[in-house]
2 protein chains.
Amino acid sequence: MNLSQTTVSRALNGYPEVSAETRRRVAEMADKLGYAPNSQARRLATGRSMAIGHVIPRSIHEMMNPIFLEFIAGAGETYSRHGYDMMLSVVDDAHEEDAYRQIASRKKADGVIIHGPANDERRHLLLKKLNLPFVVHGRIPGAESETSWIDMNNRRAFERATNLLLDLGHTRIALLNGLEHMDFAHRRRRGFEDALAGRGLSPDPALMRSADMTEPYGCENAVAMLKGDDPPTAFLVSSMISAIGVARGIGQCGLKAGKDVSIITHDDALSFLPNCGEVPIFTCTRSSVRYAGEKAAELLLAMIADPDAKPASLHMDAELIIGQSTGPVPSPQNQARP
Amino acid sequence: MNLSQTTVSRALNGYPEVSAETRRRVAEMADKLGYAPNSQARRLATGRSMAIGHVIPRSIHEMMNPIFLEFIAGAGETYSRHGYDMMLSVVDDAHEEDAYRQIASRKKADGVIIHGPANDERRHLLLKKLNLPFVVHGRIPGAESETSWIDMNNRRAFERATNLLLDLGHTRIALLNGLEHMDFAHRRRRGFEDALAGRGLSPDPALMRSADMTEPYGCENAVAMLKGDDPPTAFLVSSMISAIGVARGIGQCGLKAGKDVSIITHDDALSFLPNCGEVPIFTCTRSSVRYAGEKAAELLLAMIADPDAKPASLHMDAELIIGQSTGPVPSPQNQARP
DNA sequence: AACGAAATCCAAAGCGGTTTGGATGGCCGA
DNA sequence: TCGGCCATCCAAACCGCTTTGGATTTCGTT
């Protein structure tokens, strides 16, 4: 070859100061030799780490679940399409701040994604101080205009779902929500309450729960409520997984979902829990969390490419899809009781 | 301060050639200034990337599911405890090889984990050629002794589970397996068949399925089989998620799981699908995939620390846990039919 | 009191790229 | 024929750390 390091670098990186012929030769050689620039060296020289960080606390919370993975899968595709790496840090809850500080001071990533913002979120303040670009998956209450985020309209989705149940004649509607110190769950609850208020109804605390969205959570609470006096005729559930539990609970009580008791769940469109077919099993509000991951990544990469741009955000509406799990409220005399 | 770069580096990295007093001063200063060595520079200088790669194909396969995430969570903890980063690459199926090549040639990671080995696995050959340390989660048939791996005893687990069902009097046992071109599913099937053979029974192809382990997969096949002639009295299922589907299907047929029809499932101990309590919902073979992740990471880090060490492996046995979903085979006259 | 070993610390040379500021040569118009 | 302008290519500086090989100081010994 007998070419300088400069020329090789320029040829490989597509700079114009190199002839087409030379570029071809370089590419050919690199291919034959299996050469690719050492990424550490390149990162050091350019000052960009070409990586996006995701720090996830170790605790077994809602996030550490398939929804999170699906988001990651979406984001990961976008990253690799743009030549970025994805860096995951699984840390002790107490060291979450440290993790961000390390990413910033050691320049481990060019930006991060904030997962699962809480009602009293503070991570964004730290990240601003650290001057680390970030995008929020969800929204930070009170900081909507000064941060970049992507979120679905949780309030509206649950308002619409509740209205559907009300239209079907249900008035005793139970809400099995996620942890309400998380922003998304908080909004869903507001949507639920707003819809009830719109019909002059007030929510019954006995029919509202907030916890990690496991399967048994759905089952146990469904059974408890259905066996209580004045049981609900419908359930509004925050996750497919819990909804499956609710369905099981309904079955345990000798009732039939979609007939004796209605269910509407939120469906994150998880790959291993398909809820489709001609008539999906569950009536649901659906929003692909994988798509959210893709978009969040795009947003973040754009921010990194143009640091002076204003914060951007994407607000998506969930679809309301009718499935087999909803029906009109049964007339009292037909209403089976355990 | 007025200390040389050399001294600072040594102080921070715990080398002995620096006095305790100086080390203290350096640490203090670093803390006050929020200084931490740039990781790219360090990686370049040391030649070690201090990262472990996980490449996951984009396709929606069994891996891209909560089980994978749980493994990741376990491994991630171990990594961060040892100062390693975790690098995830989500790539197009066709580019999986490229991804490994890049990791090796650009020195993006010091080692990788192979997920979901197939019956005709080849990735390990490439990695050997690339001289990239790796650990297999699962086993590569025919390469057990020359690779490092961690696996549960799939064959034995399903053999024991099948024997339990046989002991309860079941002879019509259905197997809803994962994709059998994957090693783990292949082994589970062998366990199932071995147990049957041990009692002089031969498996009925009409009662065996192999597919992605979704919820509907469980439900649809359970319904189809139960409505067929000569239906099974028990199901052996490869995943909790599908098992939930099976339970739903059984309910749809007007039968009761654990009474009319038995279910044993494999339980990966996923956080959002707890199957415990005094008497777990499902009788299961259980093995924590999160623990597997921790151990795999430890194995790999050890390999990296001592490249000359022989391949090591960890073979774990699953627990067989009795839950509510199994019972003796119902006598023919009591056997409800849809 | 002189000497060698041990304890500390430092200057400078990598690590493997990117980028800056020129050098070189071919081709054009005057 | 010659100066000027591109089009190409190159030498060297730099990115921020680790590590090598020495220099300097301290201290126990004889």
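The structure displayed is predicted, hence computed values, not measured ones.
- For B:S4, no side-chain nitrogen or oxygen approaches OP1 or OP2 of C:dA11 to under 4.0 Å.
- Taking atom NZ of A:K108 as the reference point, atom P of D:dC17 lies 14 Å away to the nearest angstrom.
- Proximity of B:Y15 to the phosphate of D:dT19: a side-chain N or O atom is located under 4.0 Å from OP1 or OP2.
- Sorted pairs that involve residues 299-314 of chain A and meet side chain to side chain donor-acceptor pair (under 3.5 Å), not counting sequence neighbours, are lacking altogether.
- Note: CG (B:L12) to C1' (D:dT19) measures 15 Å, nearest angstrom.
- Between B:N13 atom CG and D:dT18 atom C1' the separation is 8 Å, expressed in whole Å.
- Where B:A41 and A:P16 each meet DNA chain D at their nearest nucleotide, the meeting point lying more 5' is that of A:P16.
- Residue A:R106 contributes atom CZ, which lies 13 Å from atom C1' of D:dG16 at whole-angstrom precision.
- For B:T6 against D:dT19, a side-chain N or O and a base N or O form a donor-acceptor pair under 3.5 Å.
- Counting to the nearest Å, the P atom of C:dT20 and the CD atom of A:Q5 are 15 Å from each other.
- Among the atoms of the strands shown, base atoms are found under 4.0 Å from some heavy atom of B:R10.
- Rounded to the nearest 0.5 angstrom, A:D98 CG and A:Q102 CD are separated by 7.0 Å.
- Within the nucleic acid shown, A:S19 comes within 4.0 Å of sugar-phosphate atoms alone, with no base atom in reach, counting heavy atoms only.
- Among the heavy atoms of the strands, none lies under 4.0 Å from A:Q40.
- Side-chain contact between A:R123 and A:E96: present, with at least one pair of heavy atoms (C-beta onward) separated by less than 4.5 Å.
- Using a 4.5 Å heavy-atom cutoff, the side chains of A:H137 and A:W149 are not in contact.
- The CG-C1' distance, from B:L44 to C:dC15, rounds to 4 Å in whole Å.
- The closest side-chain donor-acceptor pair between A:S9 and A:T6, if any, does not fall under 3.5 angstrom.
- Set against C:dC10, C:dG17, D:dC10, the side chain of A:T7 has D:dC10 as its closest nucleotide.
- The interatomic distance linking A:E21 (CD) with D:dT8 (P) rounds to 11 Å, in whole Å.
- When the P atom of C:dC9 is taken as reference, atom CZ of B:R24 falls 13 Å away, rounded to whole Å.
- Residue A:T46 is in sugar-phosphate contact alone, with no base atom involved, counting any heavy-atom pair closer than 4.0 Å across all strands shown.
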